[in-house]
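Here the structure is a predicted model, which means the values were calculated and not measured.
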Amino acid sequence: MQRIAILDGWRALSILMVLAGHLLPIGPRSWAMNVAVAGTGMALFFTLSGFLITQFMLHRPDVRAFLIRRLFRIVPLAWAAMAVLAIATRADLATVLANFLFVSNLPPTRLMHGGEHLWSLCVEVQFYATVALIVAVAGARGLRVLPVLCVAVTIGRAVQGAMMSNYTWQRVDEILAGATLALLHAHFLRRPRRVALPAWLPLVLLALTVAAAHGATGALNYLRPYLAAAAVGTSIVAAPGWMRAAFASRPARYVADISYALYVFHGMLSATWLGSGDTLVRYAKRPLLFAATFAAAHLSTFRFEHPMIALGKRLERRGAVSARPAASR
């Protein structure tokens with residue numbers, strides 16, 4: 001599976017937009033830009049997730065390998081964070097189980113204080129389970145149903161008036177749009193065609209994605225998944241030179257590498273002393289909060305998550321090797 005360098009930059013941009021939207025003042029409060037910027041970051045993050053997961057399953061429709069890799073990528077840090085939050089908030093058993101089973105975003109929501117942002121992990125894991133079930137039943141061809149599901153979810157959102165929601169059935173179209181992009185990308189790789197797109201197009205689509213994450217734009221919000229996927233997709237084939245260089249740079253790759261941990265820790269640390277106080281005090285502490293978030297994310301990524309990912313890959317390969325003799329008998 002070919003690595004697409006520009007996607008690292010998109011992942012870095014997505015997490016930086018989430019951090020900015022949650023932690024920094026972006027224009028006058030009356031403009032309500034914080035929600036739009038954070039919402040765009042999440043839309044991009046989900047797009048990339050759907051794209052990469054579907055791309056993996058297209059090239060290697062091995063449900064067992066997929067689940068092991070996802071388990072060791074997402075669960076260790078998520079469960080460690082949830083355990084800390086459960087102790088700190090003295091959560092009841094139902095809340096703990098809902099979080100550890102990644103269903104705490106579903107009604108009645110049971111997100112813990114300091115872990116309100118972990119709703120997105122629930123959407124992610126529920127998507128993983130759905131994709132695994134589809135491939136287990138229908139193979140890689142079954143992935144063709146994902147664009148249909150994407151449109152169905154968007155229509156459902158429009159009918160229910162859910163412009164931006166944390167419920168899976170009202171948000172998963174952002175992941176499914178990324179999955180649709182992966183299917184289109186694979187199709188064009190098999191049947192290469194010359195596509196002449198203006199280099200400025202990804203930037204315009206990114207700006208439209210920000211607009212589609214703002215409550216003032218109304219129905220445009222329902223197109224947010226598709227605008228985010230289009231921004232990422234067009235950048236693969238057409239982007240300004242400076243954008244390609246910046247998005248494939250070492251700093252972008254580094255931020256992309258620690259992005260998951262950045263996401264988990266920024267919300268948790270915001271619920272501590274680092275995020276307390278009135279407006280002036282909170283913003284005075286922001287440099288400390290950012291420093292602590294990046295430090296914790298760095299240590300978590302390279303000292304905890306990478307070893308867990310490597311362990312998952314070893315277990316996957318070991319299981320694959322042991323399964324071959326049984327399959328040949």
Side-chain angles (χ1 to χ4, degrees), residues 3 5-27 33-49 52 72-85 87-89 111-121 124 206 210 232 243 245-277 279-310:
R3 182 181 180 84
I6 201 169
L7 297 187
D8 287 331
W10 281 110
R11 186 171 293 280
L13 177 64
S14 70
I15 187 59
L16 292 177
M17 293 185 79
V18 169
L19 294 180
H22 288 172
L23 303 178
L24 297 176
I26 305 175
M33 286 303 298
N34 282 72
V35 172
V37 170
T40 299
M42 283 309 308
L44 293 172
F45 207 87
F46 278 152
T47 291
L48 293 167
S49 178
L52 294 172
F72 281 86
R73 177 66 187 99
I74 298 295
V75 170
L77 178 58
W79 276 5
M82 291 171 185
V84 170
L85 291 171
I87 294 170
T89 61
L111 297 163
M112 296 178 283
H113 178 56
E116 293 89 349
H117 60 305
L118 300 183
W119 66 268
S120 63
L121 299 188
E124 289 267 4
L206 175 60
V210 175
V232 173
M243 182 179 181
F247 277 32
S249 65
R250 289 184 64 183
R253 290 198 301 272
Y254 171 74
V255 174
D257 203 9
I258 66 172
S259 60
Y260 174 47
L262 282 173
Y263 183 77
V264 171
F265 282 110
H266 92 279
M268 294 179 65
L269 293 176
S270 295
T272 69
W273 172 84
L274 290 170
S276 64
T279 301
L280 183 61
V281 172
R282 283 202 313 274
Y283 285 126
K285 293 178 182 178
R286 282 298 190 254
L288 289 175
L289 177 56
F290 273 101
T293 299
F294 272 82
H298 179 92
L299 290 173
S300 173
T301 299
F302 297 104
R303 300 296 183 183
F304 178 55
E305 296 167 62
H306 280 192
M308 293 303 295
I309 293 170

Could I get the full list of salt bridge (charged side-chain N to carboxylate O under 4.0 Å, His left out) partners for Glu124, not counting sequence neighbours?
none
Passing option when Thr293 is tested against Leu269, Val264, Leu274 for side-chain contact (heavy atoms from CB on, under 4.5 Å):
Leu269
Of all the heavy-atom pairs spanning [X] and [Y], show the shortest one and how long it is.
X      : Y      : value
Thr301 : Pro307 : O-CD, 4.5 Å
Leu121 : Ala78  : CD1-CB, 3.9 Å
Ser270 : Leu289 : OG-CD2, 3.7 Å
Val37  : Met17  : CG1-O, 3.3 Å
Val232 : Leu44  : CG2-CD2, 4.1 Å

Within the structure provided, determine whether [X] and [Y] are in side-chain contact (heavy-atom separation under 4.5 Å).
X      : Y      : result
Ser259 : Phe45  : yes
Leu299 : Phe304 : no
His266 : Tyr263 : yes
Ser120 : Met42  : yes

Between His298 and Phe302, is the ring centroid distance below 6.0 Å?
yes
Are the ring centres of His22 and His117 closer than 6.0 Å?
no
Applying salt bridge (charged side-chain N to carboxylate O under 4.0 Å, His left out) as the test, list every pair that has at least one member in residues 254-271; sequence neighbours left out.
none
Salt bridge (charged side-chain N to carboxylate O under 4.0 Å, His left out) pairs, two or more places apart, involving residues 281-306:
Arg73-Glu305
Atom NE2 of His113 with >12 non-hydrogen neighbours under 6.0 angstrom
no
Strictly distance-based, threshold 3.5 Å: is any side-chain N or O of [X] a donor or acceptor partner for the main-chain N or O of [Y]?
X      : Y      : value
Ser300 : Ala297 : no
Asp8   : Arg253 : no
Ser49  : Phe46  : no

